[in-house]
Amino acid sequence: MHEIVVVDDDLEPRNAHELITDFENGLSIIFENLRITSVFRLRRSGKGKYEIERIPGAKLPKWMEQIEDVPRVPEGVYECLHCGRRFPTDIQLSMHTKLHYIT
Ligand SMILES: [Zn+2]
């Protein structure tokens, strides 16, 4: 569960109401775009506080699973952090990495 605080208590009630409405609308658009409307729900837990809760049993959309399955660099392979090129030795990688700083 993640908590989000939207407004401080010292805002004028009318301004706070507008901000809250904008926040709820904005977040619902984000949820729709990310296709997570059926996976997470926004729950108001205080005057300007919300919690994002995962709906029990809801299946994560494919894109979220893909983020978790980021392919790891196999053992014995050295990958350049700048461009992703892979090398069989750390020496080759280090020589390659220098090129990024020269050019
Ligand atoms: Zn590189």
Side-chain angles (χ1 to χ4, degrees):
M1 186 160 348
H2 300 283
E3 191 179 71
I4 304 167
V5 176
V6 184
V7 284
D8 288 327
D9 289 339
D10 56 357
L11 263 180
E12 264 183 65
R14 200 166 47 88
N15 293 342
H17 179 77
E18 246 172 60
L19 191 67
I20 294 281
T21 306
D22 284 351
F23 171 76
E24 287 179 2
N25 290 339
L27 208 66
S28 91
I29 291 168
I30 292 170
F31 273 37
E32 272 168 41
N33 288 341
L34 294 175
R35 283 179 247 132
I36 57 170
T37 307
S38 60
V39 186
F40 296 99
R41 74 178 141 227
L42 187 67
R43 230 167 40 88
R44 201 165 172 179
S45 60
K47 217 169 136 198
K49 274 189 192 170
Y50 288 85
E51 286 170 352
I52 294 177
E53 202 171 57
R54 185 161 173 191
I55 298 167
K59 200 174 172 301
L60 291 176
K62 221 182 205 110
W63 70 264
M64 275 191 171
E65 287 170 10
Q66 285 166 347
I67 288 175
E68 288 172 2
D69 303 338
V70 173
R72 305 256 174 247
V73 180
E75 218 172 297
V77 174
Y78 300 86
E79 191 179 77
C80 174
L81 296 173
H82 301 279
C83 69
R85 244 181 103 179
R86 293 179 172 190
F87 300 92
T89 66
D90 58 344
I91 296 163
Q92 282 173 288
L93 171 63
S94 128
M95 280 163 48
H96 163 82
T97 305
K98 286 184 183 115
L99 293 174
H100 286 293
Y101 296 107
I102 295 166
T103 53

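When a ligand or atom number is given, it counts from 1 through the structure's own listing order. FYI, side chains are in, hydrogens and waters are out, and symmetry mates aren't considered; it's all heavy atoms of this structure.
Within 6.0 Å of NE2 in H17 there are 12 or fewer heavy atoms belonging to other residues, nucleotides or ligands. Heavy-atom neighbours of R35 CZ from other residues, nucleotides or ligands within 6.0 Å: at or below the threshold of 12. Residue-environment remark: CD1 (I67) exceeds the threshold of 12 foreign heavy atoms within 6.0 Å.
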Subject >> side chain to side chain contact (heavy atoms under 4.5 Å, CB included) between K59 and V39, intermediate numbers included >> reply: CA-CA 7 Å; K59 200 174 172 301; V39 186; over 6 Å; no

Subject >> Stepwise side chain to side chain contact (heavy atoms under 4.5 Å, CB included) check, I36 with M64 >> reply: CA-CA 9 Å; I36 57 170; M64 275 191 171; 3.8 Å; yes

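Near the Zn ion (ligand 1), less than 2.8 Å away, sit the protein N, O or S atoms C80 SG, C83 SG, H96 NE2, H100 NE2.
With rounding to the nearest 0.5 angstrom, the CD atom of E53 is 4.5 Å from the CZ atom of R43.
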